[in-house]
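So the structure is just underneath, and the comments pick up after that.
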Amino acid sequence: MPKDQEVLKALVSDSASLEMLCKAQDECVQTTFDRYETQKNQCVFGKSGVCCRICHMGPCRLTKNAPKGICGADADTIAARNFVREVAGGTATHSDHGRHLVLMLKKVALGHGNGYVIKDEKALRYAAKLYDIEQDGRSVNEIALDLANTMLGEFSSQEEPLKTLNLAPLKRQSLWSSVGVAPLGIDRVVVEALHRTTMGVDHDYRSLLLHAFRTSLADGWGGSRVASIVSDILFGTPAPVRSTVNLGVLKEDTVNIIIHGHEPALSEMLTIAVADPEIVEYAKAAGAQGITLAGICCTANEILMRHGVPVAGNLLQQELAIVTGAVEMMVIDVQCCMPSLPDVAKNYHTEIVSTSEIAKTVGADAFRFNEDDPLKSAKDLIKKAIDNFKNRDPEKVSIPKAKQPMIAGFSVDAIKHMLGGTYRATFRPLNDAIIQNRITGVVGIVGCNNPKKKMDDYTNILTKELIRQNVLVLKTGCAAIASGKAGMLKPEVGLEFAGSGLKEICEAVGIPPVLHMGSCVDNSRILEAATEIVREGGLGDDLSSVPAVGVAPEWMSEKAEAIGCYFVASGVDVILGHPFYTSGSENVTNFLNAESKDIFGASFHVCEDPYEAAEKVMAILNEKREKLGINKKAERKLMDMKDRRDLNV
Ligand code: NFS
Ligand code: SF4
């Protein structure tokens, strides 16, 4: 049954998506939004986390009359086990992405980069210092090889905790050791998560949930952090860059290629290849004015941050991009690439090309990059897209006008330089602004879209509310793209909504009030920023004392669960726009939403409404400020070198 515009309007926030939803409906193209309708009566057992199909005596579904599974597992065990497996899924996902990058760094270091190089030697040297790698009298490749091997050890370490944990404040590190959640090798904890949760192993919900936190730390202070560090070394550390976002970045007169997924290596090559004069000529010969490369999801964020490549959209726009009828090719790799893409593409001329060995999609063309000559492969792929330009049906083309300019590229290094100036990169001005109550605190708004919520709405309302209340907002993933579409990544627009204290600081140091920090693995950059704040001094000696909160408004992915857990285990409270699937166990829910506070100094909170979330954020920030004794228009507390040394963080 076709829906009227009002119904469709309730699904999405931006006009481009609405136009494409209407077009999809007119052309009888099914999207996530339609399929969500058909799945609407979602299983209550699944939703409350008390369905278990871990062994084949089951599946078991717990009810009042059947409160235990066949093996005797109760709701606590089952809900906790399911949760651990989800967190392990998220950790594995980010970390495998990290692993692929480390393996590439190793190849480059061994001289087999085949077009990939160490682009940012400074980032390499900085990382080598963090991991205590000898640099004196050694070549760049020798250092890189040692770093790559050290990082590979982070995956395989059997008995030693992760070295990357050392990047956290000392107090947090000792808390992890004393609680016993400092993870050993990334692969080991993920395997252990599967082991612990199989039939007949770990049945104590506390022990299981602690393993969820342990596993998540191997993501945030392991795989994801490693991914960000190595991406910066290989592809350059992001610095502020201008670009545009939303479906309006596609053009009628160019060949449009969308890169979608997560791993930056191939998209980097495509970015290089697309500018090659030979390719530009090839496109012109095909009757196009050129080539437009645009991104979706986190691949978009990666190439946006480093090259200013425009962003076509976030998770729920992947199908809508194809509905424009103007996409010659969508290149997909891993994660968040919906299996429905070839079905949608059948209605147009779009070719879906999958490039990852581990991610096949039925109906997509599998394209293997030639490892010996990835640049040539990238060019071949682009030529294939250009060849498809002639198949575009002008009757079916309708590109929405909506697009917004934006600024992205705020790595920690970039923020430090903006705050401190070229000669003295430092977080000091930010710490001072927080101490003086010009800025109330820092909030990371991260994560996905989810058809259960009006697309981008919660994220955008919350962002505005928070900057109005003088909170500096850090963004990653699809939440960052949402802000871009709403115009909030234009500094002048952000400043218009910002409270007076935040505005004053942002204007003084030249940063916008909403900072796009990258993809989801870059959530580790948010922790890095929080650690810099602790080290700078004056805001306590641990991450849990900093007035900082994480929010995942529209999350859907296991990755978001892993991120939430490592934020909490790092001492940063996390607000979820909708709850985990654990409501079937009061104990599990209580552990995540309350008891974890006693262990980590932070816990999860659920706020289904963005205004309620804003209130909760402010309450948490103010509580932290109160504890620090800075919850008044305080005079400036000056830190001298001695104070800072005494902090010992
Ligand atoms: Ni993150 Fe990036 Fe988006 Fe969610 Fe998916 S793209 S890794 S998981 S949907 S934010
Ligand atoms: Fe049922 Fe226990 Fe098997 Fe789960 S592990 S399916 S609760 S018998």
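Remember, it's 1-based here, ligands and their atoms both numbered in the order they're listed.
Those atoms of ligand 1 with a heavy atom of Met556 less than 4.0 angstrom away are 9 (S). Which parts of ligand 1 touch Cys520 is read off a 4.0 Å heavy-atom cut-off, strictly below it: atoms 1 (Ni), 2 (Fe), 7 (S), 10 (S). Residue Gly447 approaches ligand 1 through these ligand atoms, each under 4.0 Å from one of its heavy atoms: 10 (S). Listed by number with element, the atoms of ligand 1 under 4.0 Å from a non-hydrogen atom of Ser557 are 8 (S).
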Going through the checks in order, is the side chain to side chain donor-acceptor pair (under 3.5 Å) test met by Ser228 and Ser524?
CA-CA 7 Å; Ser228 296; Ser524 62; 3.2 Å; yes

I'd like to know whether Asn523 forms a side chain to side chain donor-acceptor pair (under 3.5 Å) with Thr476, so could you lay out the CA-CA distance, the side-chain angles of the two residues, the decisive distance to 0.1 Å, and finally the verdict.
CA-CA 7 Å; Asn523 282 313; Thr476 58; 2.7 Å; yes

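Within the structure, ligand 2 has Arg81 among the residues with a heavy atom less than 4.0 angstrom away. Using a 4.0 Å heavy-atom cutoff, Ser519 is absent from the residues neighbouring ligand 1.
The aromatic ring centres of Trp555 and Tyr458 sit 6.0 Å or more apart.
If you check the side chains of Lys559 and His262, you find a donor sitting under 3.5 Å from an acceptor.
Of the protein's non-hydrogen atoms, the one nearest atom 3 (Fe) of ligand 1 is Cys478 SG, 2.3 Å. Here the protein heavy atom with the shortest distance to atom 5 (Fe) of ligand 1 is Cys336 SG, 2.3 Å. Ranking protein heavy atoms by distance to atom 2 (Fe) of ligand 1, first place goes to Cys298 SG, 2.3 Å.
More than 12 heavy atoms of other residues, nucleotides or ligands lie within 6.0 Å of CD in Glu37, so this atom counts as buried by the packing criterion.
Residue Tyr36 holds its OH atom at 7.5 Å from CG of Asn450, rounded to the nearest 0.5 Å. Distance check: Glu558 CD to Glu86 CD gives 6.0 Å after rounding to the nearest 0.5 Å.
A salt bridge links Arg525 with Asp232: the distance from a Lys NZ or Arg NE/NH1/NH2 to an Asp or Glu carboxylate oxygen falls below 4.0 Å. Salt-bridge formation is not detected for the pair Asp573/Lys616: no Lys NZ or Arg NE/NH1/NH2 atom is positioned less than 4.0 Å from an Asp or Glu carboxylate oxygen. In summary, Glu154 and Arg225 do not engage in a salt bridge, as defined by a charged side-chain N under 4.0 Å from a carboxylate O.
Side-chain contact between Ser13 and Lys454: present, with at least one pair of heavy atoms (C-beta onward) separated by less than 4.5 Å.
The heavy atom nearest to atom 6 (S) of ligand 1, out of those in Gln335, His97, His262, is found in His262.
Of all protein N/O/S atoms, those lying under 2.8 Å from atom 1 (Fe) of ligand 2 come to 1.
Put simply, Cys448 gets within reach of atom 4 (Fe) of ligand 1, with an N, O or S atom under 2.8 Å from it.
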